[in-house]
Each structure stands twice: as structure tokens, then as C-alpha cells.
Amino acid sequence: MTTEIVQLCPLIPALEQELAQRFTVHRLFEAADKAAFLAEKGAAVRGVVTGGHIGLPADIGAALPNLEIVAINGVGFDKVDLTDAKRRGFRVSNTPDVLTADVADLALGLVLAQARKLPQADQHVRTGQWLKGDMGLSTRVAGRRYGIFGLGRIGQAIAKRLEGFDARISYTARNRRDVAYDYHDSIEALAANCDVLIIAAAATAETRHIVNAGVLQALGPQGVLVNVARGSLVDEKALVEALSNGTIGGAALDVFEDEPRVPEALFAFDNVTLAPHVGSGTHQTRRAMADLVLANLDAHFAGKELPTPVV
Ligand code: 8YV
């Protein structure tokens with residue numbers, strides 16, 4: 001009998017095939033009765049493969065008493081209880097670095113799409129509206145003031161790309177960095193001093209709903225919110241209200257509080273651009289993430305150090 005692992009979400013076919021060659025893989029996300037499966041098989045499971053947006057739900061973790069490793073196919077580990085991992089002694093790995101460029105690219109894509117109305121432009125041509133008239137004007141991307149919340153790997157990659165747009169860049173982060181960008185010591189100050197507020201920080205207890213009504217107020221009626229981090233950083237109710245009242249000028253979002261459920265109120269706004277959490281979703285990056293997931297699992301079951309450990 002090969003080592004038993006559970007898979008908590010769909011993965012690219014190549015990774016699923018390679019996992020199946022090494023392990024007995026239980027696709028828990030497809031199980032009709034998850035609780036029954038866990039009650040019967042949970043004790044045999046030694047590993048979990050999961051997405052960053054899913055992590056290890058507490059009820060599943062509790063049903064896996066002999067769990068040794070949670071391999072996250074993603075950089076975010078906010079949905080795995082690391083205190084519990086340390087207490088129980090299971091390892092956690094993630095896939096940092098390999099997705100940085102893609103997430104930064106998507107942030108720029110959202111900035112461009114929202115400002116230059118690319119989804120509307122595409123619709124304008126496809127639906128024959130152009131024959132009836134022009135679609136109207138959009139907003140300049142170059143030379144604006146961009147505020148980045150979180151200047152880690154992804155935040156820095158976003159800043160580097162923005163430099164190419166002659167942007168004026170400022171940031172707020174846990175620690176002041178040795179960079180040429182202006183530093184603000186609070187997200188309110190950052191929002192008040194930028195035209196586009198880009199969220200690129202990790203989800204933690206401290207950053208939950210950090211983009212609240214006050215921050216949106218500070219961002220102001222011309223200001224745009226962009227989020228490629230986690231939905232939990234934004235108070236979505238306050239965001240919908242700010243968009244309804246014209247408190248902010250627009251939003252471009254790849255992540256949401258309760259994915260894949262997106263507040264329907266957002267669908268009505270022409271100044272909002274939406275994406276279904278696709279920051280790392282390119283063929284190239286998902287392959288690189290798959291390689292890291294496999295490398296971490298292989299290392300663990302061979303008794304070696306993990307290549308990219310979180311715990
Ligand atoms: C993925 C992510 O959507 O890296 C993360 O933390 O949320 C994304 O890369 C997801 O983890 C894919 O499984």
C-alpha cells in the first residue's frame with residue numbers, strides 16, 4: 001500500500017498524474033460524504049495537498065490524527081493553522097517565488113484594464129457598438145500615484161513594473177525598506193496620498209479588513225482599489241458602499257472574501273474590473289508550483305529537509 005494523501009482541490013493534470021504515481025490520492029473535494037470518508041480513512045492519511053485559498057480547514061485537520069505534511073500549492077499559508085501544525089508536529093510547505101512575476105503581472109493587468117476600460121472596449125467591439133459610435137474616454141495609467149500595501153516579494157515586483165509607467169510609487173509595509181519609494185506609516189496615509197491603492201500583503205489577523213470605510217474615504221472619489229492578495233484584507237460591505245456612494249472611483253479585484261462567491265452588487269459597477277483569483281494561473285507558473293509541491297512531498301517522505309518550508 002502506498003502512502004495515503006488527500007487532495008483538497010483540483011490541480012493541474014500533470015500534478016495529479018505525478019501524485020497518483022507516488023501516492024494513493026483521495027480526492028476529498030469530490031467525496032459525496034466527506035465526514036464519512038474522514039471517519040473511515042482519516043487515520044491512514046499522512047499528507048494533504050491543498051490550494052493557498054483553501055488551506056487546511058479545521059474540521060479536516062482534526063480528522064487526520066496522523067498527518068505529517070500539508071503541501072500548499074500556493075504561496076499564502078493564511079488558511080493553515082501554523083500553531084496547530086507546530087503543536088501537532090506536522091510540516092507545512094508552500095510555493096514562494098515561482099508565482100511572484102505572474103501575480104505582479106496580473107496586478108498591472110488589473111490596473112490597465114480598470115483604467116483603460118479594456119473589458120468594456122472588448123465588449124464595445126464584439127457587440128457591434130463601435131458601428132454606432134465611440135465608447136468614450138478612459139483614464140491615464142502613466143504618471144499616476146500608486147500606493148502599494150505590502151512590499152514583500154510580490155509588492156516589490158509590482159513596484160518594479162510600475163516604474164516602467166513613470167509612476168510615483170509609495171508604500172506601507174511592516175518594516176521600512178531600503179528603497180527609493182515614499183514610505184507611509186499607515187494604510188490611511190498611503191490611501192490619502194495615492195490614486196491607485198494596490199493590496200499585496202499577506203492575510204493575517206492584523207490585516208483582516210484593513211481596507212475599511214475610513215481607508216476608502218481616504219482613497220477618495222478618484223481613487224481606485226486593486227487587490228491581488230486575499231479578499232479578507234478588504235471589508236467588502238464597506239467597498240460596495242464606497243462604490244455605490246462614489247466615495248472611491250473604482251476597483252479591480254482578483255480575490256474575494258468568500259470565493260468563489262462574489263458580492264453580486266459588484267457586477268453592477270462599470271468602474272469595477274473582476275477576475276476569478278487567477279494571479280498565479282498561467283501554464284508556466286502552475287507547472288513550477290507543481291514541481292515545488294512534489295519536491296516538498298518527496299523530501300518529506302524521504303526524511304529530508306523541505307525545499308520551501310513554512311513550518
Ligand atoms: C492560487 C494563491 O490561486 O498562492 C496563493 O496563495 O492563492 C494562488 O496562487 C491557489 O493557491 C492555487 O491552488
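Among D291, L292, T285, the one residue that satisfies the side chain to side chain contact (heavy atoms under 4.5 Å, CB included) test with M289 is T285. Across D84, V48, I69, a single residue satisfies side chain to side chain contact (heavy atoms under 4.5 Å, CB included) together with F90, and that is D84.
Electrostatic pairing of R22 and D298 counts as a salt bridge here, judged by a charged N lying under 4.0 Å from a carboxylate O. The residues R230 and E257 are annotated as not salt-bridged, no charged nitrogen and carboxylate oxygen being separated by less than 4.0 angstrom. Between E18 and R287 a salt bridge is recorded (basic side-chain N to carboxylate O distance below 4.0 Å).
Checking side-chain atoms of T207 against main-chain N and O of A202 turns up a donor-acceptor pair under 3.5 Å. Between the D254 side chain and the G279 main chain, a donor and an acceptor come within less than 3.5 Å of each other. Looking at D195, its side chain does come within 3.5 Å of a backbone N or O of R145 through a donor-acceptor pair. For the pair Q114 (side chain) and G250 (backbone), a donor-acceptor distance under 3.5 Å is absent.
Annotation: side chain of L38 is in contact with side chain of I60 (closest heavy-atom distance under 4.5 Å). Between I154 and L99, some side-chain heavy-atom pair lies under the 4.5 Å cut-off. Residues R116 and V141 have side chains in contact (heavy-atom distance under 4.5 Å, counting atoms from C-beta outward). Looking at V111 and I198, their side chains come closer than 4.5 Å, going by heavy atoms from C-beta outward. Looking at T204 and D78, their side chains never come closer than 4.5 Å, going by heavy atoms from C-beta outward.
Residues Y171 and Y183 bring their aromatic ring centres within 6.0 Å. Ring to ring, Y146 and F165 are not that close: their centroids are 6.0 angstrom or more apart.
In this model, no donor atom of one side chain and acceptor atom of the other lie less than 3.5 Å apart for R208 and S232. In this structure, a donor-acceptor pair under 3.5 Å is present between the side chains of T24 and T2. For Y181 and E163, the side-chain atoms include at least one donor-acceptor pair closer than 3.5 Å. A donor-acceptor pair shorter than 3.5 Å cannot be found between the side chains of S170 and N193.
Taking the six-membered ring for Trp and thresholds of 30 and 60 degrees, H26 and F37 have ring planes inclined between 30 and 60 degrees apart.
The line from CG of L266 to CG of L253 is 6.5 Å long, rounded to the nearest 0.5 Å. The structure places CG of N212 at 14.0 Å from NZ of K237, a figure rounded to the nearest 0.5 Å. Atom CG of L197 sits about 8.5 Å away from atom CZ of F149, to the nearest 0.5 Å.
For residues 243-282, the ring-ring contact (aromatic ring centres under 6.0 Å, His included) pairs, not counting sequence neighbours, are H53-H277. Sorted by first and then second residue, the ring-ring contact (aromatic ring centres under 6.0 Å, His included) pairs with a member in residues 96-122 form an empty list; sequence neighbours excluded.
In terms of heavy atoms, A201 sits closest to A229 at O-CB, 3.2 Å. Of all heavy-atom pairs spanning G147 and L190, the tightest one is CA-CD1, 3.8 Å.
For R27, the CZ atom counts as densely surrounded, since its 6.0 Å shell holds more than 12 non-hydrogen atoms of other residues, nucleotides or ligands. The local environment of CD in E30 is crowded, with over 12 non-hydrogen atoms from other residues, nucleotides or ligands closer than 6.0 Å. The 12-atom threshold is not exceeded at CG of D134, counting heavy atoms of other residues, nucleotides or ligands nearer than 6.0 Å. The environment of CD in Q217 is sparse: at most 12 heavy-atom neighbours from other residues, nucleotides or ligands sit within 6.0 Å. No more than 12 heavy atoms of other residues, nucleotides or ligands sit less than 6.0 Å from atom CD of Q222.
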Problem - Test log, rule side chain to side chain donor-acceptor pair (under 3.5 Å), inputs T282 and D102 - result: CA-CA 7 Å; T282 65; D102 277 4; 2.4 Å; yes

Exercise for the section: Please report the C-alpha distance between T50 and V6 in whole Å, then the side-chain angles of each, then the deciding distance to 0.1 Å, and finally whether the side-chain contact (heavy atoms from CB on, under 4.5 Å) criterion is met. Expected result: CA-CA 8 Å; T50 186; V6 290; over 6 Å; no

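By the salt bridge (Lys or Arg N to Asp or Glu O under 4.0 Å) test, E236 pairs with no residue at all, sequence neighbours left out.
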